[in-house]
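This structure is a prediction, so every number in the text was calculated from the model and none was measured. We name chains A, B, ... by the order of the sequence lines, and we start the count at 1 in each one.
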Amino acid sequence: MADLQYKEGIDAKTVEQVEELSAYKYGFTTNIESLKAPKGLTEETVRFISAKKEEPEWLLDWRLAAFKRWQEMEEPRWANVSYPAIDYQDHYYYAEPKAGAKYESIDDVPEEILEDFKKLGIPLREAEVLLGVEGAADSAAEARTGGDKPKVAVDAVFDSVSVATTFQKELQKAGVIFMSISEAVREHPELVRQYLGSVVPVTDNYFATLNSAVFSDGTFVYVPKGVRCPMELSTYFRINEANTGQFERTLIVADEGAYVSYLEGCTAPMRDENQLHAAVVELVALDDAEIKYSTVQNWYPGDKDGKGGIYNFVTKRADCRGVRSKVSWTQVETGSAVTWKYPSCILRGDDSQGEFYSIAITNNHQQADTGTKMVHLGKNTRSRIISKGISAGKSDQTYRGLVSIHGKAEGARNFTQCDSLLIGGECGAHTVPYVEDKSNTAILEHEATTSKLAEDQLFYAQSRGLDEEEAVALLVNGFCKEVLQELPMEFAVEAQKLVQVSLEGSVG
Amino acid sequence: MSSPITLTAFEDRLFADLPEDELTAVLRSRGLPSRRTETWKWSDLRGALREAREPSGEFRGEDPQPILPTDGATVLTLRNGCPEAPRGVEPKPILHEGEKIGVTYVVEDGLVLSFYDEGRAPEAASPGDELSALAASAPLVSISVLPGFEHKVAVRRLSDGEGRHVDSIYLTVGEGATATLLETHDVTGSPFVNSRTEIEVDAGATLKRYVAQPAASEAVVVHTAELRLAEEEGERKAKVEQSVLALGAHLARHETRAVQLGAGEMQADALYRLDNALHTDITSHLTFAGEGGQADQLVKGIAGGRSRGVFQGKFLVERGAQETDAQMAHHALLLSKGAQINAKPELEIYADDVECAHGNTAGAIDPDALFYMRQRGVPEEEARGLLIEAFAAEVLDRISDDAVRSAFERLLTERTL
């Protein structure tokens, strides 16, 4: 970064922030012996994973069908990213800490793993907040209810297994099911079977199909009718093993009138080879339900020369099935060598709402092709897309979005805004929005420059005595907050640090 | 790669007429652009041309009245793709290594028309660009406006029957020259017309290009324009003002590909007005290769009936093309249930000191405005008409040639009558 030429006028603070980003803090490796599936991907691998998880027959069949399908599919090449061909036979598809994948108590979790999560700032061992070990956590958890720090229940996924889930007892009291998906398959098979693959079908796309065949662990959340989940739920994903892909599967169901806020964080060690992360996240919101899904994605982005890093090929989709349901995606994307990710909303229920707030920062040789799809099927459905992209170094970033209004979506509304900022002359920023409108009562708006958007506000600020630069700074600051405030407190601080950059020289 | 495709009867027949070269080989393997081709996803040419078609025969109809006023213009008429030589001017042979390859006419001072016997040998094209490459193989007509001169040229394309034809025009606007190019498509019957216009605009030169295509409900019309704006010389820039009025066809596509090599100026406007089951695709790809390029694009569309409007705009700012200033806007009105609008306003930017923006809106006529006008005593239909007219006027007002603007207005009114 040091030898990079910055354009005049780029705020020194901006440069500092971006340079800080180029140093990856979470690149350490935890030395723990692990048990892996044999390298490569065959039907045997799929059976191995399923057997390891002690899965029922139907799930094994489901995986095998996906695997069969996957073998006939072609890897998509339409995204604006380039990477060498992935040798799918050169990866491990399952890795678990050797000491065992199931822990009766947090005390059984190997110290190295706890240390690892501690380094990441994930409070697994925060004594009293541990998972429902013999009911021990109950009182401790209650004791904290009155505290001023908001509580967060955490599911920590280490390579292919969930190592700990906190606050389970307290959540159970509210009727909320929060556990790893492997556990859920055993304990709530009817729920998992009903919803798994109902939003992202097995055949959806190359990486989703691959995930369906080999998914290892992830989180399952079910919030029953009328329940407002009493705390933030969170999953922390960590890839530790070399040459290992992580294929997590997350499924969140908010029943009628339920509310849940879910946070997700990801990191991986620094390695020279590329690692694969192909996750599938499915959200289902029934009548009047609301799901808020926040991500801070900080997978290892590779080094300055673009060596190593995570390939992040993720399918995230929400189905707003019920009337007046709402799903809000917020993402802060700073990691990964290559990102391919489009958290989407199917707005099926009348009056349902979808939101997408995104801040993506790429540096060095990172490539990100990310955005969202808002598919309006129901009447009076509303969606809002706000995307900010910041490219530095030799990175390339693309916002790719689809807003599709079907014929029956009377009175649908969409507002889209995407801004990009380039720092240095060797990066690229691209915007590829697709708009398909088949309703003559819908209103769609897409805007793309800050200056244009805020001309009247600028004028107002200047008429109140601010000079132009101050006025711009004020408005940019306000705009930044608009996105950041969508993040729950826990992530806001981390995210704020990542985006304290000025918008000077912005392009739409 | 994907398995080879089964060619349609149209493709079989067309490819049989083409020379066995790289382009034909490529077309055989991937077929004509279809909804699976990224740049044609909303304009399924392959689907619109399934049945076999013979090359168009002679143009049979009477020449209609010109669509755009040709006063003071040199008129070049192409009937089913065949250019008509100017009358009353002595041709001179064009020799290449001692062999005659065409004839040339000095029509007026500073205006030269050349008719070549053959077109360019087709080159392989990337997916989606095959149509322009196919049209380039038509016998070329070159129009040169020599440096410092001012000329108006009308290219009238008259098409009929149910065959297929291509045509290819090459215009050069020399240093400091001013050219007005009127291009019209007068289509009856159900032919497949594939036209190409290639244009070079030198430093200090100005081009005004106006394209009008009245509705042709059975026809398939594809027109690709490729423009190059030369690098500026001091303060002298290459300037282009372009406006396209497209009233639809069974499938119509008006594509503009422009490259600015330096600080040029380009206005790339379009207006489409569609009814029934008509389709129009306005596609543009503007590349900024040097410093200081400017572009301003306003595209508006009005879709009624079950019509389909498509806008695909792209600005590509290459590495080093600093201080590019490019604005793109597309606004569409949907008048009826069943009409659809598809848009893709795209930016690809590799330079950090640029100002690029795009705006895109789609929606119905503003019910508040309609309500206001009705309560002031304007009947609903009339109020709608006025609002639509006002919506379209924004594009028309940017046309600097008064006669062309009036003609565009007339075309719009006539089609509503």
Side-chain angles (χ1 to χ4, degrees), chain A residues 5-10 74 78 80 391-392 396-400 402-408 410-414 416 418-453 504-508, chain B residues 1-3 38 41-42 301 303-306 308-322 324-367:
Chain A
Q5 294 295 309
Y6 291 106
K7 205 184 96 196
E8 236 176 90
I10 294 280
E74 276 180 42
W78 45 260
N80 190 12
S391 317
D396 256 299
Q397 195 175 119
T398 304
Y399 166 81
R400 190 183 300 275
L402 167 72
V403 176
S404 175
I405 314 279
H406 285 236
K408 287 179 182 159
E410 284 167 28
R413 283 225 51 160
N414 162 263
T416 302
C418 24
D419 297 314
S420 313
L421 171 71
L422 293 110
I423 300 172
E426 291 180 272
C427 49
H430 322 300
T431 318
V432 192
Y434 294 76
V435 181
E436 300 183 342
D437 182 8
K438 292 184 186 167
S439 164
N440 66 327
T441 52
I443 300 175
L444 288 86
E445 291 164 291
H446 179 114
E447 283 195 48
T449 36
T450 41
S451 59
K452 196 175 180 187
L453 180 79
E504 224 160 303
S506 155
V507 297
Chain B
M1 274 313 285
S2 40
S3 49
E38 175 61 24
K41 60 182 295 172
W42 294 311
R306 287 167 294 113
R308 289 162 300 138
V310 177
F311 169 70
Q312 303 185 104
K314 182 168 181 175
F315 289 166
L316 168 64
V317 179
E318 291 185 350
R319 184 96 52 231
Q322 299 292 19
T324 297
D325 183 343
Q327 315 287 325
M328 180 198 300
H330 171 248
H331 304 291
L333 266 187
L334 280 90
L335 299 182
S336 57
K337 235 180 180 158
Q340 34 174 305
I341 295 289
N342 297 306
K344 187 182 169 197
E346 192 178 342
L347 300 175
E348 188 170 347
I349 294 165
Y350 296 96
D352 60 340
D353 185 14
V354 300
E355 202 151 308
C356 285
H358 62 183
N360 184 70
T361 61
I365 290 180
D366 181 0

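At a 4.5 Å heavy-atom cutoff, B:Gln312 makes no contact with chain A through either its backbone or its side chain. With a 4.5 Å cut-off on non-hydrogen atoms, B:Lys314 does not touch chain A at all. Proximity to chain B is absent for every atom of A:Asn414, based on heavy atoms less than 4.5 angstrom apart.
Annotation: residues 336-346 of chain B contacts chain A through B:Ser336, B:Lys337, B:Ala339, B:Gln340, B:Ile341, B:Asn342, B:Ala343, B:Lys344, B:Pro345, B:Glu346 [non-hydrogen atoms, separation under 4.5 Å].
A distance of 13.0 Å separates OG in A:Ser420 from CG in B:Asp352, rounded to the nearest 0.5 Å. Interatomic distance, B:Asp366 CG to A:Ile443 CD1, rounded to the nearest 0.5 Å: 7.5 Å.
Around atom NZ of A:Lys438, no more than 12 heavy atoms belonging to other residues, nucleotides or ligands sit under 6.0 Å away.
The shortest distance between side-chain heavy atoms of B:Thr361 and A:His446 does not fall below 4.5 Å. Here the side chains of B:Leu335 and A:Asn440 are not in contact, with every heavy-atom distance at 4.5 Å or above.
For the pair A:His430 (side chain) and B:Ile349 (backbone), a donor-acceptor distance under 3.5 Å is present. Between the side chain of B:Arg319 and the backbone N or O of A:Gly428 there is no donor-acceptor pair closer than 3.5 Å.
Taking B:Gly320, B:Pro367, B:Gly363 one by one and counting their heavy-atom pairs under 4.5 Å with chain A, the maximum is reached by B:Gly363.
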side-chain contact (heavy atoms from CB on, under 4.5 Å) between A:Val435 and B:Phe311, intermediate numbers included:
CA-CA 10 Å; A:Val435 181; B:Phe311 169 70; over 6 Å; no
